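My questions will all concern the structure given below.
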Amino acid sequence: MEETYLDSLDPEKLIQCPYDKNHQIRACRFPYHLIKCRKNHPDVANKLATCPFNARHQVPRAEISHHISSCDDKSCIEQDVVNQTKNLGQETLAESTWQCPPCDEDWDKDLWEQTSTPFVWGTANYCGKNSPASNIVMEHKSNLASGMRVPKSLPYVLPWKNNGNAQ
């Protein structure tokens, strides 16, 4: 049994195509070939059924129940199912003791405390009257290299989109 199993794992082993008996395909390419050949031979594909344990097994429809009961891949899958059910029984799911930390934020209160003056870039009124920052003189710092300046206004028409008219 083990020698047959190792044989089936050899990627260079030639396998006969169930759709065209003249096709001998390497095991590593067999799944791709099956899809392609199934499309090319719909008449043969209608007469074959796919094994639920291994899609590489294409069996005549009349023999599929016998194949399912004797398929070698069935035992592998059944063993996996048995192992999974054993592992589920052994694992005890601990309930989480995590609790959400209390929230000290009150967004509604913060909204009422904000000034009614909107933020406008480049103006000096960006601190509210009751804000502690209003007593601090804020300097305008520029990170631009010397000789460069920030534009006074933003362009509404981009120079490269004005249909070639230079300003």
Side-chain angles (χ1 to χ4, degrees), residues 1-115 118-121 126 133 141-145 148 150-151 154-164:
M1 167 89 183
E2 188 173 322
E3 191 174 314
T4 310
Y5 179 71
L6 291 175
D7 249 2
S8 67
L9 293 179
D10 179 13
E12 298 302 317
K13 180 183 176 193
L14 292 177
I15 302 173
Q16 183 176 354
C17 173
Y19 299 107
D20 187 339
K21 303 300 179 193
N22 297 318
H23 293 173
Q24 295 288 319
I25 293 71
R26 290 181 300 146
C28 62
R29 298 294 307 161
F30 193 66
Y32 307 103
H33 177 82
L34 278 179
I35 293 169
K36 185 177 165 183
C37 217
R38 181 182 300 133
K39 290 178 184 176
N40 292 337
H41 297 76
D43 52 328
V44 179
N46 290 334
K47 296 176 185 172
L48 297 178
T50 303
C51 171
F53 304 113
N54 188 338
R56 295 176 178 199
H57 299 169
Q58 301 292 313
V59 183
R61 289 194 183 278
E63 300 172 18
I64 189 67
S65 59
H66 173 49
H67 174 82
I68 289 173
S69 62
S70 62
C71 181
D72 290 338
D73 293 322
K74 176 182 174 182
S75 61
C76 297
I77 291 176
E78 286 175 341
Q79 188 60 45
D80 285 346
V81 170
V82 168
N83 290 341
Q84 284 179 352
T85 54
K86 283 182 181 177
N87 289 343
L88 283 177
Q90 292 173 355
E91 292 177 9
T92 56
L93 299 174
E95 275 193 42
S96 174
T97 57
W98 183 85
Q99 292 180 349
C100 181
C103 181
D104 298 333
E105 295 178 350
D106 187 356
W107 290 7
D108 293 328
K109 181 183 171 191
D110 291 346
L111 253 175
W112 287 108
E113 289 178 354
Q114 284 182 354
T115 64
F119 172 79
V120 179
W121 179 261
Y126 44 80
K141 294 184 178 180
S142 174
N143 293 328
L144 294 174
M148 297 191 72
V150 177
L154 296 175
Y156 289 100
V157 177
L158 300 173
W160 57 87
K161 290 194 175 184
N162 62 3
N163 297 328

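Keep in mind that what you see is a predicted model, and the values were worked out from it rather than measured.
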### Query
In chain order, what residues pass the side chain to side chain donor-acceptor pair (under 3.5 Å) check against Glu105, with sequence neighbours excluded?
Trp107
### Task
State the CG-CD distance between Leu48 and Glu63, to the nearest 0.5 angstrom.
10.0 Å
### Message
Once side chain to side chain donor-acceptor pair (under 3.5 Å) is applied, do any residues pair with Thr50, and if so which ones, sequence neighbours excluded?
### Response
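Here the qualifying residues are Gln58.
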### Query
What is the minimum heavy-atom distance between Val59 and His67, and which atoms define it?
CG2-CG, 3.7 Å
### Query
Got a sec, which residues hit side chain to side chain contact (heavy atoms under 4.5 Å, CB included) with Pro52, two or more places apart in sequence or on another chain?
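Applying side chain to side chain contact (heavy atoms under 4.5 Å, CB included) to Pro52 gives Ile68.
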### Message
With a 4.5 Å cut-off on side-chain heavy atoms, are Cys51 and Asp73 touching?
### Response
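Heavy-atom side-chain distance check fails, nothing below 4.5 Å.
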Output side-chain donor-acceptor pairs under 3.5 Å for residues 24-39, partner residues at least two apart or in another chain, one line each.
from: His33; atom 1: NE2; to: His23; atom 2: ND1; distance (Å): 3.2
from: Arg38; atom 1: NE; to: Tyr19; atom 2: OH; distance (Å): 3.0

### Task
State, to 0.1 Å, how close Arg61 and Ala45 come at their nearest heavy-atom pair, and which atoms those are.
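What the structure gives for the nearest pair is NH2-O, 4.4 Å.
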